[in-house]
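Here's the structure, in structure tokens; my notes come after.
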Amino acid sequence: MRLDFGPQGWPLALALLLGVVVGQKLPTRDEGLFQMQIRDKTLFHDSSVIPDGAEISGYLFRDTPKRYYFVVEEDNTPLSVTVTPCDAPLEWKLTLQELPEEASGEGSGEPEPLDQQKQQQVTVDEGTELFSYKGNDVESYVATSSPSGLYQLEMLSTEKDSNFKVYATTTPASDQPYPELPYDPRVDVTALGRTTVTLAWKPTPTGVLMGQPVQYCVVINKEHNFKSLCAAEAKISADDAFMAAPKPGRDFSPFDFAHFGFVPSDNNLNRGLTSNKISRSYTAKPKNSDIQKVCIGNKNIFTVSDLKPDTQYYFDVFAVNSATNTSTAYVGTFARTKEEARQKTVELKDGKVSDVFIKRKSSKFLRFAPVSSHQRVTLFVHACLDSVQVQVRRDGKLLLSQNVEGIRQFQLRGKPKAKYLIRLRGSRKGASTLKVLATTKPSSKQPFPSLPEDTRIKAFDKLRTCSSATVAWLGTQDRNKFCVYKKEVSESYGEEQRRREQNQCAGPETRRKSEKVLCKYFHSPNLQKAVTTETITGLEPGKTYLLDVYVVGHSGHSVKYQSKLVKTRKYC
């Protein structure tokens, strides 16, 4: 590419640059002045001049070349120019333009007449090409002896808009801007697990021998290794730009309508089972970025955790000079985490309830293979204690992944000869107990009773006496049997203790006969009227009671509503 200076002489940018050279002879770099200048970012912001001994960042628009200039005033001067591509491969070329003789003498600093300036116009050709490169590697031009002149660095990105960094210096032996790599620059994998990978690397001599402030940054991703830290940071920034903040959730209570304080159901799926936990609706959360950057100080051993089993990851380590923020890449590595330990799979029989016990933070696998062709599969999961994570795959394809607290019913679309793998992951708080049922049979033959959306018991304070308490709960359109039980507890019995003792899978058969109040059948074709009340008598004044309601299915399986604490009046 030819630089066209036109009939009017040097372009304005070069005129300003060369004006400095004409006005005075450049001395050897004043280190104190240099340190003060490089801290003043405004000197080099959006400038085409590369400062001696400081790394600058720039931005290229696609297919739009950009030129930077660097002056070497004396012959036989060492020169080093390093270009670091960030987002995309770059094409760059370094050429030498010799300075006009008038620019190398000792000028008086007095302005020359215009006619004399015109006589001194110089025609500059394309210059001498010293080095060219095309790619995304960090590449350098190094010369131990360079002639004086104006050096031009021309850069081009043909793929997309891109960031880059440039460093140029005439004192490469003493500057050492980038941390030095050890004789073995590889990153080693020293330990490999299902969710963890341990990395180790040899420390940089820059920190150990030269005492410069060096820290290490580790980058983890699933796509490829990075050749520079700015390339990794550009990827992180690009991912973050598309992260949308989720909208705040909306709390809603299904417990405040007509007379009894219950909310009518808006859907017609009341025969199905849903969680008895109060719901909170959220906008779907965007997928998290698959690239992570962690800076760990001067340690050269690091364990990456919370990885996915049987997944390949790429690991890069960068030595970063904390004072200058320059960095050097080690030779990255990659590794595949180990597979999940194969566990014994429990076979589910069509229409039969299975009891499942899961140790704390462990998993259980269940398999369901219907014998006959089917259009859908109904899956019941009853978490007796804390919530569990349920994951279902059909012939390897993920159908659902949800946390379940209480009892839930899922409708899965069937396929001929399909096989279903159900994975249950236990709670971090403690062991989990569940009841699981998978069936292709019609809902009328289900062993679990139907439940309303809200399984709380409401107590009426105004109807409370010294010897009785009045409560209400919701029913469904199905005729179910409800059994009420009471138990006297101490005054210190609180909600936290009640929650710990709440095993929803324990039925009426586990209760003492003396605790039973009554059993009755109830249903209502009109869901807005599917509310029943009961007054529990024979209580003692000033005492606290724990009330439970069990709904019993046709085959004897029961589900307990959320327990309710009530206290009788002390004086009446």
Side-chain angles (χ1 to χ4, degrees), residues 1-3 5 9-11 13-38 43-44 47-56 58 67-84 92-109 120-133 137-155 165-181 205-206 210 212 321 324 326 328:
M1 178 177 291
R2 185 177 182 82
L3 291 176
F5 292 95
W10 295 89
L14 288 183
L16 292 172
L17 179 65
L18 293 178
V20 177
V21 181
V22 171
Q24 59 180 3
K25 180 177 178 65
L26 290 176
T28 305
R29 188 174 81 193
D30 184 316
E31 190 63 27
L33 178 62
F34 166 72
Q35 292 297 334
M36 181 188 72
Q37 288 175 338
I38 64 171
L43 289 177
F44 308 116
S47 169
S48 58
V49 180
I50 302 176
D52 189 343
E55 187 179 60
I56 64 169
R67 300 179 186 90
Y68 287 85
Y69 300 96
F70 186 83
V71 172
V72 175
E73 66 167 298
E74 296 179 354
D75 290 334
N76 302 318
T77 299
L79 176 62
S80 174
V81 178
T82 301
V83 176
T84 304
W92 62 274
K93 177 174 65 173
L94 184 67
T95 57
L96 169 63
Q97 302 285 344
E98 290 188 4
L99 293 177
E101 292 184 4
E102 292 79 359
S104 59
E106 286 79 4
S108 64
Q120 295 174 0
Q121 288 177 359
V122 183
T123 302
V124 181
D125 58 15
E126 292 183 357
T128 304
E129 182 176 316
L130 303 176
F131 186 80
S132 64
Y133 175 75
D137 283 330
V138 179
E139 193 61 58
S140 298
Y141 166 78
V142 179
T144 57
S145 178
S146 298
S148 62
L150 177 69
Y151 289 76
Q152 174 187 281
L153 176 64
E154 182 174 318
M155 311 180 70
K165 295 190 176 190
V166 177
Y167 180 87
T169 181
T170 55
T171 54
S174 60
D175 277 5
Q176 296 181 336
Y178 298 98
E180 185 181 346
L181 288 176
T206 303
M210 303 175 188
Q212 295 189 19
N321 188 320
T324 63
T326 54
T328 303

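Values below: every heavy atom of this structure, side chains too, minus hydrogens, waters and symmetry copies. Because the structure is predicted, anything quoted here is derived from the model rather than measured.
Contact record, Leu79 with Ser146: CB-OG, 3.4 Å, taken as the closest heavy-atom pair. Annotation for Val166 and Leu153: closest pair CG1-CD2, 3.8 Å, computed over non-hydrogen atoms. Lys93 and Thr95 get closest at one heavy-atom pair: CG-CG2, 3.9 Å. Scanning all heavy atoms of the two residues, the minimum distance from Thr324 to Pro177 falls at OG1-O, 4.0 Å.
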Could you go through Trp92 and Phe131, starting from their C-alpha distance and side-chain angles, then the distance that decides it, and tell me whether this counts as side-chain contact (heavy atoms from CB on, under 4.5 Å)?
CA-CA 8 Å; Trp92 62 274; Phe131 186 80; 3.4 Å; yes

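Side-chain atoms of Thr169 come within 3.5 Å of backbone N or O of Thr171 as a donor-acceptor pair. In terms of modelled atom types and a separation under 3.5 Å, the side chain of Asn321 and the main chain of Thr326 share no donor-acceptor contact. Checked by atom type and distance alone, the side chain of Thr328 never pairs as donor or acceptor with a backbone atom of Glu180 at under 3.5 Å.
Using a 4.5 Å heavy-atom threshold, the side chains of Thr144 and Pro78 count as separate. Using a 4.5 Å heavy-atom cutoff, the side chains of Met155 and Val83 are in contact. Residues Val81 and Tyr151 have side chains not in contact (no heavy-atom distance under 4.5 Å, counting atoms from C-beta outward). At a threshold of 4.5 Å between non-hydrogen side-chain atoms, the residues Tyr68 and Glu154 do not count as touching. Annotation: side chain of Pro51 is not in contact with side chain of Phe70 (no heavy-atom distance under 4.5 Å).
Taking the six-membered ring where tryptophan is involved, the planes of Tyr167 and Tyr178 are perpendicular, since the angle between them exceeds 60° and thus also 30°.
A side chain to side chain contact (heavy atoms under 4.5 Å, CB included) with Pro147 is found for one member of Thr128, Leu96, Asn76, Val72 and no other, namely Leu96.
The distance from the OH atom of Tyr69 to the CD atom of Gln152 is 4.5 Å, given to the nearest 0.5 Å.
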